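Below is one structure; the comments refer to it alone.
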Amino acid sequence: MTRQREGSPFAGLSTVALKEAADHMNSARIHLVMLLVTLTAIGSVYAAIGQIKATIGEDQFLFLRLFTTAQQPLPSFVSFLGFLIPLVAIALGFDAINGEYSRRTLSRVLSQPIYRDALLTGKFLGGLIVIAICLLTLWLLVTGLGILSLGLPPGGEEIARGLAFLFASFVYAGVWLAVAMAFSTLVKSPATSALCALTLWLVFTVFWPMLTPLVAGAVAPVDLLNPMTAVHQIAVQQGLARISPNVLYGEATLALLNPATRSLGLLFPSQLSGALMGAPLPLSASLALVWPQIAGMIAALIVLFTIAYVSFQRQEIRA
């Protein structure tokens with residue numbers, strides 16, 4: 001006869017989340033990672049400011065160029081974030097569950113009036129809280145540096161686009177945090193789970209852009225007598241590329257921070273009839289353009305967290 005649970009399965013959720021966030025904020029791990037992110041962000045922003053002052057005159061969206069302008073040898077601020085956000089998220093979540101196993105503290109925590117639901121969800125929310133604080137701080141830092149260096153405040157639409165970019169970065173980080181937590185429940189060793197998460201990150205960052213053209217060429221070969229087969233191959237290649245969260249995040253930031261972006265896929269000349277080339281899109285049109293990418297990242301986050309949840313619920317916990 002099984003004993004049914006009493007009370008809400010999420011009792012103690014806020015306690016676990018705040019405790020996890022406090023532990024992360026006090027850990028040397030997050031301090032070192034955020035120091036790296038902050039230094040690279042400041043370097044890329046100062047390089048962008050120098051490039052903007054040297055090459056750009058009047059611009060309706062001058063502040064947005066702080067995020068996207070690159071100057072050799074430094075890439076843009078957005079490129080830095082796309083590369084480093086997964087590392088921050090993996091550092092926060094790779095030992096969320098198996099670390100409790102290795103320290104033999106999991107049974108002691110669950111002996112309190114806290115169910116597994118609240119423990120896993122609280123650890124995930126604690127990581128999200130830390131990521132939100134870090135991203136908001138970086139965004140305010142970049143905005144402040146821009147105001148001090150350029151001497152101009154950002155406009156209302158620039159702030160709105162910057163906040164939308166901040167939300168897209170938050171969702172992107174949540175995907176990689178869910179990846180790290182999924183491996184922390186599936187793999188018993190924290191070192192192995194970190195290696196698995198980093199391997200997946202390297203595959204999507206380095207190898208996936210090289211693999212998608214090869215796979216698309218094999219799945220949808222081009223017939224020289226039928227030009228539409230080339231269009232079909234490009235569509236297949238884009239669909240395969242969008243399996244990667246890095247690609248979804250890159251497309252979302254492109255449309256949000258570059259208002260002149262009108263399409264994230266194939267664009268035929270007939271679709272440009274009557275359009276003013278280079279004219280910026282309104283914010284609502286840019287949000288409609290990137291909503292599929294953001295929705296795809298949210299769906300990936302939910303699926304990965306569900307995998308971690310089901311795996312954790314089925315595990316046997318011994319004292």
Side-chain angles (χ1 to χ4, degrees), residues 37 64 67-68 76-94 96 120-121 123-136 138-139 160-185 196-209 211-212 235-258 261 263-265 283-310:
V37 174
L64 296 182
F67 300 95
T68 58
S76 65
F77 176 74
V78 170
S79 300
F80 264 130
L81 277 189
F83 184 81
L84 293 176
I85 280 179
L87 296 181
V88 177
I90 291 171
L92 291 174
F94 75 92
L120 184 67
T121 309
K123 283 181 172 291
F124 185 68
L125 291 178
L128 289 180
I129 290 172
V130 175
I131 289 171
I133 293 173
C134 295
L135 288 176
L136 181 60
L138 277 177
W139 184 76
R161 287 182 176 273
L163 291 174
F165 159 71
L166 191 64
F167 176 74
S169 301
F170 176 73
V171 175
Y172 176 61
V175 172
W176 286 106
L177 179 61
V179 168
M181 291 198 67
F183 280 119
S184 76
T185 59
C196 291
L198 290 173
T199 300
L200 187 63
W201 168 68
L202 283 174
V203 167
F204 281 134
T205 303
V206 178
F207 300 107
W208 197 249
L211 291 175
T212 48
V236 171
Q237 181 177 337
Q238 287 181 338
L240 292 172
R242 285 169 179 164
I243 296 175
S244 169
N246 303 50
V247 174
L248 296 178
Y249 177 67
E251 291 181 346
T253 55
L254 173 64
L256 289 173
L257 298 179
N258 186 5
T261 302
S263 175
L264 297 173
L283 177 60
S284 57
S286 296
L287 291 176
L289 188 63
V290 303
W291 172 243
Q293 279 72 18
I294 295 177
M297 289 191 290
I298 293 175
L301 187 156
I302 294 173
V303 170
L304 290 166
F305 182 77
T306 302
I307 293 173
Y309 181 86
V310 173

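Counting from 1, the numbers follow the sequence of the chain as shown. Owing to the predicted nature of the structure, the values given are computational and were not obtained by experimental measurement.
Between A96 and M181, the closest heavy-atom pair is CB-CE, 3.9 Å. Of all heavy-atom pairs between R161 and A255, the closest is NH1-O, 3.4 Å. Contact record, T68 with S76: O-CB, 3.3 Å, taken as the closest heavy-atom pair. Counting all heavy atoms, side chain and backbone alike, G82 lies closest to P86 at O-CD, 3.5 Å. Looking at every heavy atom in both residues, A252 comes nearest to V290 through O-CG1, 3.6 Å. A182 approaches T185 most closely through the heavy-atom pair O-OG1, 2.8 Å.
Atom CH2 of W139 and atom CZ of F67 lie 7.0 Å apart (nearest 0.5 Å). Note: Q238 CD to L240 CG = 10.5 Å, rounded to the nearest 0.5 Å. Taking OG1 from T199 and CZ from F207, the interatomic distance works out to 9.5 Å, rounded to the nearest 0.5 Å. One distance of note links CG of L84 with SG of C134; it measures 12.5 Å at 0.5 Å rounding. Taken to the nearest 0.5 Å, the CD atom of E251 stands 8.0 Å off from the CG atom of L254. N246 contributes atom CG, which lies 10.0 Å from atom CE of M297 (distance to the nearest 0.5 angstrom).
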- Decide yes or no on side-chain contact (heavy atoms from CB on, under 4.5 Å) for F165 and L64, but give the supporting numbers first. CA-CA 10 Å; F165 159 71; L64 296 182; over 6 Å; no
task = Please lay out, stage by stage, how L135 and I85 fare under the test side-chain contact (heavy atoms from CB on, under 4.5 Å).
result = CA-CA 9 Å; L135 288 176; I85 280 179; 4.0 Å; yes
Give the C-alpha distance, both sets of side-chain angles, the deciding distance and a yes or no for side-chain contact (heavy atoms from CB on, under 4.5 Å) between L120 and F305. CA-CA 9 Å; L120 184 67; F305 182 77; 4.2 Å; yes
message: Show, in sequence, the C-alpha distance, side-chain angles and deciding distance for L198 and L87, and conclude whether the side-chain contact (heavy atoms from CB on, under 4.5 Å) test is met.
response: CA-CA 8 Å; L198 290 173; L87 296 181; 3.8 Å; yes
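The shortest side-chain heavy-atom distance between L256 and L289 does not fall under the 4.5 Å cut-off. Taking 4.5 Å as the limit, every side-chain heavy atom of I90 sits out of range of all side-chain heavy atoms of V179. Side-chain contact between L138 and L81 is present, with heavy atoms from C-beta onward closer than 4.5 Å.
In this structure, F167 and F170 have tilted ring planes: the angle between them lies in the 30° to 60° band. Ring pair W176/Y172 is perpendicular by interplanar angle, where above 60° counts as perpendicular and below 30° as parallel.
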